[in-house]
Amino acid sequence: MRVRYAPSPTGDFHVGGARTALFNWLFARHHGGRFILRIEDTDRKRYNPQALQWLLDGLRYLELDWDEGPEVGGGYGPYVQTERLEIYREHCGRLLEAGAAYRCFCTPERLQELARQAQQRGERGGYDRACRNLDPEEAARRAEAGEPHVVRFKMPLEGETTVHDAIRGDITFPNAVLQDTVLMKSDGIPTYHLANVVDDHLMEISHVLRGDEWVNSLPLHIHLYRAFGWEPPVMAHLPLILNPTGKGKMSKREERAPDGSVRPVFVRTFQELGYLPEAMINFLALLGWSYDDKTEIMSRQELIERFTLERVQASPAVWNYDKLDHMNGYYIRQLAPEDLAGRLVPFFEKAGWKADREKVLQIVPLIRERIKRLSDAVAVADFFFLEKLPPYDAAELIPKKGDAAMALAALERGREALGKIEFTREAIEAALRGEAEKLGIKAGQMFHPIRVAISGRKVSPPLFESLEVLGKETSLARIGEAIAKLRGASGA
RNA sequence: GGCGCUAUCGUCUAGUGGUUAGGACAGGGCCCUCUCAAGGCUCAGGCACGGGUUCGAAUCCCGUUAGCGCUACCA
């Protein structure tokens, strides 16, 4: 079995595309087939030279390896469509010769006018097939003379076309609504339809798994295969991914909110935010596919073993960031501490901190249950790395049902007690609890000011462990700063 | 507008004629607890509507409605 993922390099690698790639990849790996990557760059206007790199990087991040395609080659190349132009021209010629297609000399202006008139009538009608009945020999002469033209496919005018989709079953279209679609543009570059069909055949693709937005062009594709005298591959249209709002296809753009947060839609952004490839794969696999009534967490290997087309959903799926975050958090917690530490280091370094592995390894147990994305660790663990704590208000130091005097007492007694002990988790806890008791305050009221003093925040990783990792010197210094801040604020 | 696809908790889904309609995320509560998490227990929440077929429909058929997609010399 041979399947392909055939993206168009027009922009950033989108999660919708990643899902399509993943289903093809899982299908190939499950059946021991080949996964082919083909670049469909026939749209010169929207071509983006960075897109290919984004795509390749994204596939590598997700660990979706391709057996044939760019960089790896293969026996059916080239795998970039603009390097195959001669092949399409030759095949287009065959269609022309067989009378299955015709040259159309209608100008863009005429087409526009046609559309305008249709709209005036409240219709949407397409091309009027004015050139369909031109004498082929005369048309050939005009083309020879250099007259600009496109090549259109001759769709049947009457009756209906029934096509088969492996997921949806038979689908029937009245031929009257089908268009004489352009196969070859006036610049000699084929449209998607021609190039795609020709390549899928020549590359011996056995199963086409693509997005649902293509079902309406399936009749054209099937007629193309027939016109060439080819057997079409098994066609399967995957359910679309919808926006979290449920309104429309998943957005192709991501905008940064004023606070810098993003709702990622590009694979690159998910990677930058610290989504684990194993979580992405697992989540994406469940978007339009399921294994049974209980199992959701599945390794790459399990996914490969279990993936079948039969269990692919026909209905569209709404993207759910909460579920992805949950899953990513789960996978983060499953990571061995050394592994997690290694993955965290780049994020800390990007924040500008000296993050040696040893230190990160100490921090990992304190934060692994508190992050959903690797990048979250930066905000959670900042106080371990920062030389100077970000400014906070003295009022933050005051515990619940307490006042400045209580905070001050807790800090002063805490500092004194901590100064006298060996800095281990157990000793720290014992010392702090002891002081709380002596002061006649609740343990929480004792811990709160110290937490804020060492982390600069009301919410932090576990206090005793944090103190231990921070070390005696830094801890006492920060408590000292808090005392000074509190004294200053109380107007002394 | 036309054509096509789809329709089970808010969301992802299990379910293929007989089930107390199951699970997960999100939400509520309780437990654990130094904050926040994580974890455990638990509650609430659904077969779009209307007709058939059948002894019996979430499951099969038809219609309605709704959502989405396509309707380019873009893919």
Side-chain angles (χ1 to χ4, degrees), chain A residues 6-10 40-46 104 106 108 111 115 118-119 121-127 148-152 165 167-168 171-174 176-179 181-187 189-193 195-196 210-219 237 239-240 242 244 246-249 283 286-297 311 313-327 329-330 333 367-372 380 399-400 429 432-433 436 442-448 450-452 455 457-464 466:
Chain A
S8 181
T10 54
E40 307 214 328
D41 57 345
T42 54
D43 187 343
R44 296 161 33 238
K45 295 190 193 82
R46 290 196 308 156
C104 170
C106 294
L111 264 19
Q119 196 166 32
R121 274 176 277 128
E123 291 170 20
R124 253 331 187 112
Y127 178 55
H149 65 283
V150 300
V151 175
R152 290 181 183 270
D165 178 277
I167 295 168
R168 285 149 228 279
I171 306 172
T172 300
F173 298 80
V177 306
L178 270 20
Q179 297 284 312
T181 309
V182 174
L183 299 179
M184 187 64 80
K185 305 177 211 172
S186 54
D187 59 3
I189 295 179
T191 59
Y192 166 85
H193 307 287
N196 186 269
R210 59 183 358 176
D212 185 57
E213 68 265 30
W214 294 108
V215 284
N216 286 299
S217 39
L218 192 48
H237 291 88
L240 253 23
L242 269 24
K247 292 275 171 206
K249 273 207 281 192
F283 177 76
L286 259 18
L287 230 45
W289 175 84
S290 62
Y291 175 58
D292 63 11
D293 60 334
K294 301 221 157 59
T295 319
E296 295 209 317
I297 298 292
R311 296 201 64 88
Q313 194 87 5
S315 53
V318 173
W319 184 273
N320 186 341
Y321 284 105
D322 281 335
K323 188 147 184 169
L324 203 215
D325 283 353
H326 169 82
M327 208 170 256
Y330 173 83
R333 275 173 257 130
I367 65 170
R368 55 192 268 142
E369 276 146 20
R370 272 159 264 264
I371 57 174
K372 293 200 180 301
V380 175
K400 266 185 194 145
E429 175 165 14
L432 259 22
R433 285 192 191 278
K442 290 188 174 173
Q445 294 173 318
M446 179 78 204
F447 302 153
H448 176 88
I450 295 177
R451 182 189 311 284
V452 176
S455 72
R457 281 180 279 109
K458 290 181 171 183
V459 171
S460 82
L463 183 59
F464 320 128
S466 295

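Computed from heavy atoms alone, side chains included, the values below leave out hydrogens, waters and symmetry copies.
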Among B:C12, B:A14, B:U35, the one nearest A:Pro462 by side-chain distance: B:U35
Residues forming a salt bridge (charged side-chain N to carboxylate O under 4.0 Å, His left out) with A:Asp187, sequence neighbours excluded: A:Arg44
Identify whether any heavy atom of [X] sits under 4.0 Å from a base atom; if not, whether one sits that close to sugar-phosphate; answer base, sugar-phosphate or nothing.
| X | value |
| --- | --- |
| A:Pro239 | nothing |
| A:Pro461 | base |
| A:Ser460 | base |
| A:Phe283 | nothing |
| A:Ala317 | sugar-phosphate |
| A:Arg333 | sugar-phosphate |
| A:Ile171 | sugar-phosphate |
| A:Arg311 | sugar-phosphate |

Complementary nucleotide of [N], counting Watson-Crick and G-U pairs under 3.5 Å:
| N | value |
| --- | --- |
| B:C70 | B:G2 |
| B:C34 | none |
| B:C60 | B:G52 |
| B:G27 | B:C43 |

Distance between [atom1] atoms of [N] and [M] (Å, rounded):
| N | M | atom1 | answer |
| --- | --- | --- | --- |
| B:G4 | B:A14 | P | 26 Å |
| B:C74 | B:U16 | C1' | 39 Å |
| B:A66 | B:G28 | P | 34 Å |
| B:A48 | B:C43 | C1' | 26 Å |
| B:C9 | B:G23 | C1' | 12 Å |
| B:G1 | B:U59 | P | 29 Å |
| B:G46 | B:G27 | C1' | 16 Å |
| B:C60 | B:C5 | P | 16 Å |

Whether A:Phe447 and A:Phe464 hold their rings parallel, tilted or perpendicular, with breakpoints at 30° and 60°: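 Perpendicular: the ring planes of A:Phe447 and A:Phe464 meet at over 60°.
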Under 4.0 Å protein heavy-atom contacts per nucleotide of nucleotides 18-31 of chain B, with B for base, S for backbone only and - for none: ----BBBBS-----
Contact state string [nucleotides 67-75 of chain B, B base, S sugar-phosphate only, - no protein heavy atom under 4.0 Å]: -SBSB-BBB
How long is the line joining [atom1] of [X] and [atom2] of [N], in whole Å?
| X | N | atom1 | atom2 | value |
| --- | --- | --- | --- | --- |
| A:Arg210 | B:C5 | CZ | P | 15 Å |
| A:Ile367 | B:C36 | CD1 | P | 19 Å |
| A:Leu432 | B:U35 | CG | C1' | 14 Å |
| A:Tyr330 | B:A37 | OH | C1' | 17 Å |

B:A38 OP1/OP2 closer than 4.0 Å to side-chain N/O of A:Arg368: no
N/O (side chain, A:Gln119) to phosphate O (OP1/OP2, B:G1) under 4.0 Å: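 No.
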A:Lys185, NZ atom: more than 12 neighbouring heavy atoms under 6.0 Å: yes
Residues forming a ring pair (Phe, Tyr, Trp, His ring centres under 6.0 Å) with A:His193, sequence neighbours excluded: A:His221
Which residues share a side-chain contact (heavy atoms from CB on, under 4.5 Å) with A:Ser460, sequence neighbours left out: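 Expected list: A:Arg451, A:Ser455.
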Test side-chain contact (heavy atoms from CB on, under 4.5 Å) applied to A:Tyr321 - qualifying residues, sequence neighbours left out: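 Here the qualifying residues are A:Pro244, A:Met250, A:Arg263, A:Pro264, A:Val265, A:Phe270, A:Trp319.
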Could you pull out all residues at least two apart from [X] that satisfy side chain to side chain donor-acceptor pair (under 3.5 Å)?
| X | value |
| --- | --- |
| A:Lys323 | A:Glu296 |
| A:His237 | A:Asp165, A:Arg210 |
| A:Arg46 | A:Asp43 |

RNA chain B: 5'-proximal contact among A:Gly444 and A:Ile371 (nearest heavy atom): A:Gly444
Nearest-nucleotide comparison on RNA chain B, the residue closer to the 5′ end among A:Leu287 and A:Pro174: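 So the residue in question is A:Pro174.
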Flag side-chain contact, heavy atom, 4.5 Å: A:Pro190 against A:Glu40: no
Exercise: identify the closest heavy-atom pair between A:Thr191 and A:Val182: OG1-O, 2.8 Å
